[in-house]
Amino acid sequence: TFTQAMPLAQGAYSVTLTTGIEDVAGNALPADYSWSFTVDRTAPTVVSTAPAANTTDVSTSSSISVTFSEEMNPASLNPYSSFTVSAGGYPISGSVSYSNKTATFTPFAPLAKSTLYTATLTTAVTDVSGNHLSSSYSWSFTTVASLFANYVNFPTGSWPEAVAIGDVNG
């Protein structure tokens, strides 16, 4: 066992065990044995988001995604703690999937209209080497406004007739 006093710096390393190594009976290693490895200390970064920060008129059926600078550890992308979406401080329920450097949060229900949402990634998010985001990352977007104006009550006298209008297709 080889134990270092300090962690290895970022970079490429190679190790060779030579035939000079013997077991307790004095038998030498039959041949040199070598291997190489790389130490990655680079923190991942956010490259892009969808919807982009401060976008308005986002569809209520949209999913929320983030693309990273490198491959991430999918297990670190948790929709309840490390990749969350909220509206008015209240969390939105959903699931997170991951493929090709992109994590996607899919809400379990359509997003509300005319609502400001905030997506947040915490430093618990890690790349495949275990490097954390260097700081939390948040962005906001607003969903599309309703197709209809707010409800207005008009007095009609003693024999009213009514008109009902409804959004039937979202």
(Q) Could you walk me through whether S63 and T106 satisfy the side chain to side chain donor-acceptor pair (under 3.5 Å) test, starting with their C-alpha distance in whole Å, then the side-chain angles of each, then the deciding distance to 0.1 Å, before giving a yes or no? (A) CA-CA 5 Å; S63 55; T106 303; 4.8 Å; no
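- Listed for the S76 side chain is a donor-acceptor partner under 3.5 Å among the backbone atoms of T126.
- Hydrophobic clustering (ILVMFWY, side-chain heavy atoms < 4.5 Å, transitive): V15 and Y33 are in one cluster.
- To the nearest 0.5 Å, atoms OG (S82) and NE2 (H132) are separated by 11.0 Å.
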Q) Yes or no on side chain to side chain donor-acceptor pair (under 3.5 Å) for S36 and S14, after CA distance, side-chain angles and deciding distance? A) CA-CA 4 Å; S36 298; S14 60; 4.8 Å; no
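- One N or O on the side chain of T55 and one on the backbone of A52 form a donor-acceptor pair closer than 3.5 Å.
- Checking side-chain atoms of Y137 against main-chain N and O of L133 turns up no donor-acceptor pair under 3.5 Å.
- The hydrophobic cluster containing F141 also contains V46, counting ILVMFWY residues as joined when their side-chain heavy atoms lie under 4.5 angstrom apart, directly or transitively.
- Proximity of a side-chain donor or acceptor of T19 to a complementary backbone N or O of P30 within less than 3.5 Å is not detected.
- Criterion: ILVMFWY side-chain heavy atoms under 4.5 Å apart, direct or through other members. Under it, I64 and L116 are not part of a common hydrophobic cluster.
- Considering only heavy atoms from C-beta on, T142 stays 4.5 Å or farther from D57 through its side chain.
- Within the 3.5 Å criterion, the main-chain N or O of N131 finds no donor-acceptor partner in the side chain of S129.
- For the pair T84/P91, no side-chain contact is recorded, criterion being any heavy-atom separation below 4.5 Å from C-beta on.
- Distance alone, capped at 3.5 Å, is enough to place a donor-acceptor pair between the T143 side chain and the S114 backbone.
- Formation of a donor-acceptor pair under 3.5 Å by the W139 side chain with backbone atoms of A50 is not found in this model.
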**Q.** side chain to side chain donor-acceptor pair (under 3.5 Å) between S65 and T104, intermediate numbers included
**A.** CA-CA 4 Å; S65 64; T104 302; 4.7 Å; no
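- The cluster map of Ile, Leu, Val, Met, Phe, Trp and Tyr, joined by side-chain heavy atoms under 4.5 Å apart, puts V47 and V125 in different clusters.
- The shortest distance between side-chain heavy atoms of E70 and T45 does not fall below 4.5 Å.
- Between S61 and P110, the closest side-chain pair of non-hydrogen atoms is not below 4.5 Å.
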Q: Please step through side chain to side chain contact (heavy atoms under 4.5 Å, CB included) for the pair F108 and S95, ending with a clear verdict.
A: CA-CA 7 Å; F108 290 147; S95 63; 4.0 Å; yes
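- Using a 30° and 60° split on the angle between ring planes, F83 and F105 fall in the tilted class, from 30° to 60°.
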Q. Please walk me through it: do Y13 and L8 pass side chain to side chain contact (heavy atoms under 4.5 Å, CB included)?
A. CA-CA 9 Å; Y13 294 86; L8 294 173; 3.8 Å; yes
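- Between T102 atom OG1 and E71 atom CD the span is 9.0 Å, to the nearest 0.5 Å.
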(Q) F37 vs W35, test: ring pair (Phe, Tyr, Trp, His ring centres under 6.0 Å). Steps then yes/no. (A) CA-CA 7 Å; F37 62 94; W35 72 92; 7.5 Å; no
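- Note that CG of N73 and CG of D127 are 8.5 Å apart. Values are rounded to the nearest 0.5 Å.
- Formation of a donor-acceptor pair under 3.5 Å by the Q10 side chain with backbone atoms of R41 is found in this model.
- Heavy atoms only, all atoms of each residue included: M72 and V128 are closest at O-CG1, 3.5 Å.
- When all heavy atoms of A87 and Y117 are compared, the pair lying nearest together is CB-CE2, 3.6 Å.
- Under a hydrophobic clustering in which Ile, Leu, Val, Met, Phe, Trp and Tyr are joined whenever their side-chain heavy atoms come within less than 4.5 Å, directly or via other members, L111 and V144 fall into different clusters.
- Listed for the S62 side chain is no donor-acceptor partner under 3.5 Å among the backbone atoms of V58.
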**Q.** side chain to side chain contact (heavy atoms under 4.5 Å, CB included) assessment of F68 paired with L77
**A.** CA-CA 12 Å; F68 296 96; L77 296 160; 4.2 Å; yes
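- From L121, atom CG reaches atom OG1 of T49 across 9.5 Å, with rounding to the nearest 0.5 Å.
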